[in-house]
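Structure, as structure tokens:
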Amino acid sequence: SRKPSFRYTIGDYYALPDDLRVELIDGDFYLMEAPSTVHQGIIAELTFLFQLFVRQKQGTCRVFMSPLDVRLLYGQPTILQPDILIICDPAKTKLRGIFGAPDLVIEILSKTSRRKDMGLKLSKYMEAKVKEYWMIDPLQHKVFVYQPEKEEFCTLYSFDEEIPVGIWNGECRINMKEVWERVEGLNQD
């Protein structure tokens, strides 16, 4: 059987102008919109809480936020830019981005990214064996947490609940109500 031919390659991706924000998924380019202030506010709050936890524990995990290139699997024309990612294996951190599956990936859903984040990217993260994938929905105040190694593959949380971070065995818990209270004021139009 013939190898599937992809439209664009990793080389094509790296040849793009630096200021063009796209993701490459299975050889197709997907343009990324400029994020909202609420979107960026949630990222800032969560990144701060994760960093705090890692420092208090003197852990070796690293917390990153987009834009940062993530090549999940070698030989695949896919480069993603998750909103937040946590890497606990320093060997995966290279100058040009992350090579291999992050331990935790978080995407903040927007009207335009929802289908890509809940469909294409979910399947890519699962295929690459990302341990934990959160999709945060600011419109419906829900968080979908995927942990493929756990029996309850997907858990749905509301913003009123504390969310245990699976990669840290629930030692770190995120109070989404507090996170939301800090950013919801940015929601003015």
Side-chain angles (χ1 to χ4, degrees), residues 21-23 30 32-70 72 79-90 92-93 97-98 101-118 121-122 124-126 130-148 150 152 154-189:
R21 279 202 67 200
V22 300
E23 290 180 305
Y30 292 83
M32 298 176 76
E33 61 170 9
S36 69
T37 47
V38 167
H39 182 280
Q40 293 303 84
I42 293 172
I43 291 174
E45 291 296 325
L46 291 176
T47 301
F48 171 74
L49 295 172
F50 291 141
Q51 293 274 31
L52 209 56
F53 177 80
V54 170
R55 286 211 176 160
Q56 283 166 350
K57 292 280 170 195
Q58 278 139 18
T60 54
C61 297
R62 304 297 302 266
V63 184
F64 295 100
M65 54 187 150
S66 66
L68 182 67
D69 289 343
V70 177
L72 294 169
I79 296 182
L80 302 177
Q81 290 193 359
D83 290 322
I84 302 173
L85 57 144
I86 296 175
I87 301 283
C88 300
D89 175 0
K92 292 180 180 178
T93 308
I98 304 302
D103 295 84
L104 173 68
V105 166
I106 295 180
E107 297 283 9
I108 319 293
L109 302 178
S110 68
K111 281 178 188 159
T112 53
S113 77
R114 175 180 299 274
R115 275 185 59 202
K116 181 176 67 167
D117 291 341
M118 298 187 93
K121 288 175 99 169
L122 170 63
K124 285 283 145 202
Y125 292 140
M126 296 303 101
V130 167
K131 291 187 183 122
E132 190 167 359
Y133 175 35
W134 293 20
M135 282 183 276
I136 299 176
D137 187 339
L139 289 170
Q140 299 184 10
H141 292 207
K142 288 182 171 36
V143 182
F144 302 85
V145 175
Y146 284 85
Q147 292 172 284
K150 295 256 166 70
E152 63 286 0
C154 178
T155 311
L156 181 60
Y157 295 93
S158 79
F159 277 17
D160 291 329
E161 296 175 89
E162 281 201 346
I163 304 174
V165 181
I167 62 164
W168 295 321
N169 301 315
E171 275 184 65
C172 174
R173 301 178 79 81
I174 297 299
N175 183 331
M176 274 310 290
K177 192 174 185 164
E178 271 181 23
V179 168
W180 184 245
E181 281 166 2
R182 288 180 176 278
V183 298
E184 67 177 330
L186 303 169
N187 221 350
Q188 313 303 320
D189 238 350

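- Separation of atoms CG (Asp117) and CG (Asp83) is listed at 7.0 Å; rounding is to 0.5 Å.
- In this model, a donor atom of one side chain and an acceptor atom of the other lie less than 3.5 Å apart for Ser110 and Glu33.
- In terms of heavy-atom proximity, Pro164 sits nearest to Gly170 at CB-CA, 3.8 Å.
- In this structure, the separation between CE on Met135 and CD on Glu107 is 9.0 Å, given to the nearest 0.5 Å.
- The shortest distance between side-chain heavy atoms of Arg21 and Pro35 falls below 4.5 Å.
- Between Ile86 and Trp168, the closest side-chain pair of non-hydrogen atoms falls below 4.5 Å.
- Ring planes of Trp134 and Phe50: perpendicular class, angle over 60° (limits at 30 and 60°).
- Within 6.0 Å of the CE atom in Met32, the count of heavy atoms belonging to other residues, nucleotides or ligands exceeds 12.
- One distance of note links CD of Glu161 with CD1 of Ile174; it measures 14.0 Å at 0.5 Å rounding.
- Atom CG of Asp69 and atom CD of Gln81 lie 5.0 Å apart (nearest 0.5 Å).
- At most 12 heavy atoms of other shown residues, nucleotides or ligands fall within 6.0 angstrom of atom CZ in Arg115.
- Within the 4.5 Å cutoff, the side chain of Ile98 has heavy atoms near those of the Thr93 side chain.
- By the salt bridge (Lys or Arg N to Asp or Glu O under 4.0 Å) test, Glu23 pairs with Lys116, Lys121, sequence neighbours left out.
- In this structure, the side chain of Asn169 does not engage the main chain of Glu171 through any donor-acceptor pair within 3.5 Å.
- The shortest side-chain heavy-atom distance between Trp180 and Pro138 falls under the 4.5 Å cut-off.
- Ile167 approaches Glu132 most closely through the heavy-atom pair N-OE1, 2.8 Å.
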### Query
Can Leu109 and Gln140 be said to form a side chain to side chain contact (heavy atoms under 4.5 Å, CB included), step by step?
CA-CA 10 Å; Leu109 302 178; Gln140 299 184 10; over 6 Å; no
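- In this structure the side chain of Leu80 never reaches within 4.5 angstrom of the side chain of Val105, judged on heavy atoms.
- With contacts defined as side-chain heavy-atom distances shorter than 4.5 Å, the pair Leu139/Arg114 qualifies.
- Residues Pro82 and Ser66 come closest through the heavy atom pair O-CB, 3.1 Å.
- For the pair Phe64 and Pro102, the minimum side-chain heavy-atom distance is 4.5 Å or more.
- Considering only residues two or more places apart in sequence or on other chains, Lys131 meets the salt bridge (Lys or Arg N to Asp or Glu O under 4.0 Å) condition with Asp103.
- Heavy-atom neighbours of Phe48 CZ from other residues, nucleotides or ligands within 6.0 Å: at or below the threshold of 12.
- The number of heavy-atom neighbours closer than 6.0 Å to CZ of Arg182, taken from other residues, nucleotides and ligands shown, is 12 or below.
- Here the side chains of Ile42 and Val38 are in contact, with some heavy-atom distance below 4.5 Å.
- Atoms CG and CD1, from Leu68 and Ile87 in turn, are 8.0 Å apart once rounded to the nearest 0.5 Å.
- Rounded to the nearest 0.5 angstrom, Glu181 CD and Met176 CE are separated by 11.0 Å.
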